[in-house]
Amino acid sequence: AVTGVQTCALPISRSRLLMRIGEVNHLIDQEQAASEPDAAKIVALENELDALVDQSDMLSADDIELTNKIASSDWSMKNK
């Protein structure tokens, strides 16, 4: 059964993922617009973006472990 805490964690997790996806997209845009873009940095950011999108796709009320991990403040600090 899904508890109230899990119900709250899901929208928090979605919000954190969407915010981080937006941040990484912005970083990619900034690097691409630089006078001398760093191709390795762009690839690393694109890989991070792919991983975030994959996590977003997997996020569900049924995956309590992933949802709680992303909803935790530790996850948001590690992924900045």
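The shown structure was predicted, so the numbers you read here are calculated from the model rather than taken from an experiment. Each residue takes its place number in the sequence, starting with 1.
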Would you compute the distance between atom [atom1] of [X] and atom [atom2] of [Y] and round it to the nearest 0.5 angstrom?
X	Y	atom1	atom2	answer
Asp50	Ile21	CG	CD1	10.0 Å
Leu18	Glu23	CG	CD	11.0 Å
Leu17	Ile12	CG	CD1	12.0 Å
Glu48	Asn25	CD	CG	10.5 Å

Hydrophobic clusters here meaning ILVMFWY residues chained together by side-chain heavy-atom distances under 4.5 Å, can you tell me if Ile28 and Val43 are in one?
no
Any idea which heavy atoms bring Pro37 and Ile42 closest together, and the distance?
CB-CD1, 4.0 Å
Per-pair distances, 0.1 Å, donor-acceptor, side chain in residues 29-36, under 3.5 Å, sequence neighbours excluded:
from  : atom 1 : to    : atom 2 : distance (Å)
Gln30 : NE2    : His26 : NE2    : 3.3
Glu31 : OE2    : Asp38 : N      : 2.8

